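Predicted, not measured: the structure shown is a model, and the values here were computed from it. Here, residue 1 is the first one in the sequence, and each next residue gets the next number.
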Amino acid sequence: MTKAKVHNREKERLTLLNSYSILDTLPEKDYDNLTKLAAEICQTPISLITLLDDKRQWFKSHYGLGVSETPIEDAFCAHAITGDDPIFTVENAREDERFHDNPLVTGDPNIVFYAGIPLKTTNGLPLGTLCVIDSKPKKLTPSQKESLNILSEQVINLLELRKNKLELERAHKKLKKFSKKLEKKVFLRTNQLEIKTIKLELMINDLESFNHICSHDLQEPLRKIQMFISQISDNEFDNLSDTGKHKLERIDRSAARMRNLIQDLLTYGATETIDNSLTTVSLKKLVLDVKDVLSEELKQYKTTLRIPKDCEITVRPIQFKQLLFNLFTNAIKFTKEEDKPVIKVTGKIVQGADYPKLQLVEDTRYSKIVVTDNGIGFDQKYENKVFEIFQRLHSDEEYQGTGIGLAIVKRIVTTHKGQIRVESSLGNGTVFEIFIPLADQTVLK
């Protein structure tokens with residue numbers, strides 16, 4: 001048996017794990033729903049959400065397994081979090097020299113097949129894995145791998161939401177305690193202090209509203225899961241046994257319940273916590289993916305979406321598609337009534353030194369993404385205000401909205417160590433320029 005390597009940032013990783021206050025907590029249905037769904041999709045008897053400290057792998061959810069933890073030296077997941085593969089797979093552990101004499105292979109739960117996806121945070125550190133296990137050799141289909149990846153993103157979302165909720169609750173307690181002390185002083189002071197107290201309470205309510213509103217950004221991965229379920233129903237349903245058909249129907253119902261659950265989750269910080277590995281992809285591909293998602297809206301408002309110039313970008317695709325989604329929906333929303341929306345997206349590779357006014361690294365290559373629309377625009381003096389949370393330039397009577405769309409865009413750019421700037425004028429549309437570091441740093445000629 002080969003013992004897994006220690007993560008090269010192990011001390012930092014353990015400190016981060018402890019900050020979630022999740023170890024040894026009671027079972028939660030939200031996590032159990034995800035492991036159950038993973039097992040159903042991958043057709044395995046066992047699915048786990050594991051979190052690894054320095055001595056053990058502890059299971060936040062253990063579908064099909066009766067224990068809540070195992071020693072870290074026996075853990076397949078310890079190999080998964082130190083490897084480079086997006087999904088760590090062992091098709092037959094009995095024939096793998098790393099695991100053939102592992103106690104978890106030779107004894108309960110008799111692991112033969114293992115597939116685990118590291119649960120990485122925005123800074124790239126893995127907390128544990130979402131894994132599926134079988135007692136016989138197995139291979140996952142591309143569809144199952146994609147579904148497992150989507151579910152792992154949802155595990156990270158739940159962990160971040162839980163952490164943010166605890167932090168908000170602690171902040172709320174501090175504010176509540178502070179407010180009680182302040183009330184005694186307010187009675188003896190001016191009306192101005194009374195107004196400040198009210199503003200503090202309103203800020204708490206705004207944060208809670210913001211958390212709730214953001215939850216819609218988590219629903220797109222679930223749509224993909226339901227798409228896979230629909231494909232299986234349409235193309236393979238007749239090939240399934242009665243038990244398989246019953247399980248597929250249960251998966252469909254579980255996915256529907258999960259959608260309702262996600263709608264109720266508080267998702268403050270979700271744009272930063274959705275973490276899939278940085279990938280170099282075509283800008284055009286991501287734009288077309290978002291175009292597909294917005295097909296009904298684009299058709300309804302007779303929107304023209306052009307991509308005259310493509311380039312490669314190094315991004316977390318889930319996050320960056322959310323960025324494009326927010327920019328496109330803003331462009332549609334803030335179009336003059338007499339016009340049809342026109343959105344243009346272009347990309348090119350530039351050198352940081354060519355933009356001295358921005359905080360770019362001079363010797364670094366960037367993908368410059370320009371999103372232009374023909375909307376109502378705004379006064380350039382508000383260029384910084386538009387990226388602030390809850391800052392709106394129009395009333396609800398003019399244009400409905402929450403005031404968080406561009407704040408999310410700015411946060412996504414920040415998590416990619418990039419920069420964003422905007423140019424606009426009243427009645428003349430808006431131009432967003434986004435600079436994202438490129439993984440391939442070959443010098444431009």
Side-chain angles (χ1 to χ4, degrees), residues 1-25 31 34-35 38 46-62 65 67-91 93 96-105 111 113-133 145 148-149 151-160 162-163 269 272-280 314-316 318-319 415-417 437 439:
M1 184 177 77
T2 303
K3 187 177 180 180
K5 297 181 296 182
V6 175
H7 195 274
N8 57 6
R9 296 166 64 187
E10 182 68 0
K11 185 176 180 180
E12 185 181 355
R13 189 189 73 81
L14 292 174
T15 300
L16 179 63
L17 175 61
N18 289 333
S19 72
Y20 283 78
S21 301
I22 187 74
L23 292 174
D24 298 311
T25 55
Y31 298 91
L34 293 178
T35 52
I46 297 173
S47 177
L48 309 170
I49 293 173
T50 72
L51 299 169
L52 290 94
D53 63 17
D54 58 335
K55 296 180 180 178
R56 59 175 176 158
Q57 61 172 354
W58 177 77
F59 307 134
K60 176 58 183 173
S61 178
H62 44 99
L65 190 65
V67 298
S68 60
E69 63 181 66
T70 60
I72 195 167
E73 55 266 22
D74 300 336
F76 281 60
C77 298
H79 291 264
I81 68 168
T82 57
D84 298 324
D85 297 328
I87 177 168
F88 181 80
T89 304
V90 179
E91 294 179 359
D96 193 309
E97 63 180 11
R98 296 169 297 177
F99 304 106
H100 68 93
D101 56 349
N102 188 302
L104 301 179
V105 175
I111 297 175
F113 168 78
Y114 171 92
I117 295 183
L119 301 173
K120 291 185 178 180
T121 60
T122 53
N123 61 5
L125 290 174
L127 304 177
T129 69
L130 170 65
C131 64
V132 291
I133 293 170
K145 291 180 180 179
L148 196 62
N149 185 61
L151 291 175
S152 73
E153 293 165 1
Q154 293 305 307
V155 174
I156 282 290
N157 290 338
L158 287 176
L159 289 171
E160 293 294 342
R162 184 184 183 280
K163 181 179 180 181
E272 292 187 359
T273 63
I274 296 175
D275 179 32
N276 52 322
S277 300
L278 285 170
T279 306
T280 300
T314 303
V315 294
R316 297 178 179 88
I318 299 296
Q319 287 189 15
T415 63
H416 285 81
K417 299 180 181 179

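Interatomic distance, Asn149 CG to Ile117 CD1, rounded to the nearest 0.5 Å: 4.5 Å. Considering CG of Leu127 and CZ of Arg13, their distance stands at 7.5 Å, rounded to 0.5 Å. From Thr15, atom OG1 reaches atom CD of Glu10 across 9.5 Å, with rounding to the nearest 0.5 Å. Taking NE2 of His7 as the reference point, atom CG of Leu14 lies at 10.0 Å (rounded to 0.5 Å). To the nearest 0.5 angstrom, Leu148 atom CG is 5.0 Å from Leu130 atom CG. Distance CG/Leu125 to CG/Leu17: 10.5 Å, rounded to 0.5 Å.
The shortest heavy-atom contact between Ala38 and Val132 is O-CG1, 4.0 Å. Between Asn123 and Arg9, the shortest heavy-atom distance links the atoms O-NH1, 3.6 Å. In terms of heavy-atom proximity, Leu104 sits nearest to Asn102 at N-OD1, 2.8 Å. Pairing each heavy atom of Thr50 with each of Cys131, the nearest pair is CG2-SG, 4.3 Å. The shortest non-hydrogen separation linking Ile81 to Gly128 is CG2-O, 3.7 Å. Residues Ala115 and Ile87 come closest through the heavy atom pair CB-CD1, 4.2 Å.
Counting heavy atoms from C-beta on, the side chains of Tyr31 and Ile22 come closer than 4.5 Å. With a 4.5 Å cut-off on side-chain heavy atoms, Val90 and His79 do not count as touching. At a threshold of 4.5 Å between non-hydrogen side-chain atoms, the residues Trp58 and Asp53 do not count as touching. Looking only at side-chain heavy atoms (C-beta outward), Leu159 and Lys60 stay at 4.5 Å or farther from each other. The closest side-chain heavy-atom distance from Thr82 to Pro126 is not below 4.5 Å. Proximity of Phe76 to Val105: side-chain heavy atoms (C-beta onward) are separated by under 4.5 Å at one or more points. Within the 4.5 Å cutoff, the side chain of Thr35 has no heavy atoms near those of the Val155 side chain.
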Set out, in order, the CA-CA distance, both residues' side-chain angles and the distance that settles side-chain contact (heavy atoms from CB on, under 4.5 Å) for Tyr20 and Thr121, then state yes or no. CA-CA 11 Å; Tyr20 283 78; Thr121 60; 3.3 Å; yes

Test side-chain contact (heavy atoms from CB on, under 4.5 Å) on Phe59 and Thr70 and set out the steps. CA-CA 9 Å; Phe59 307 134; Thr70 60; 4.1 Å; yes

Derivation and outcome, side-chain contact (heavy atoms from CB on, under 4.5 Å), residues Arg316 and Leu278: CA-CA 5 Å; Arg316 297 178 179 88; Leu278 285 170; 3.8 Å; yes

Assess the residue pair Phe88 and Cys77 against the criterion (side-chain contact (heavy atoms from CB on, under 4.5 Å)); give the C-alpha distance rounded to whole Å, side-chain angles, the decisive distance to 0.1 Å, and a yes or no. CA-CA 8 Å; Phe88 181 80; Cys77 298; over 6 Å; no

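No salt bridge links Glu160 with Lys163; every basic N to acidic carboxylate O contact stays at or beyond 4.0 Å.
Between the side chains of Glu153 and Asn157, no donor-acceptor pair of N or O atoms lies under 3.5 Å.
For the pair Arg162 (side chain) and Ser21 (backbone), a donor-acceptor distance under 3.5 Å is present.
For the side chain to side chain donor-acceptor pair (under 3.5 Å) with Glu69, the qualifying choice from Gln57, Arg56, His62 is Arg56, the only one to do so.
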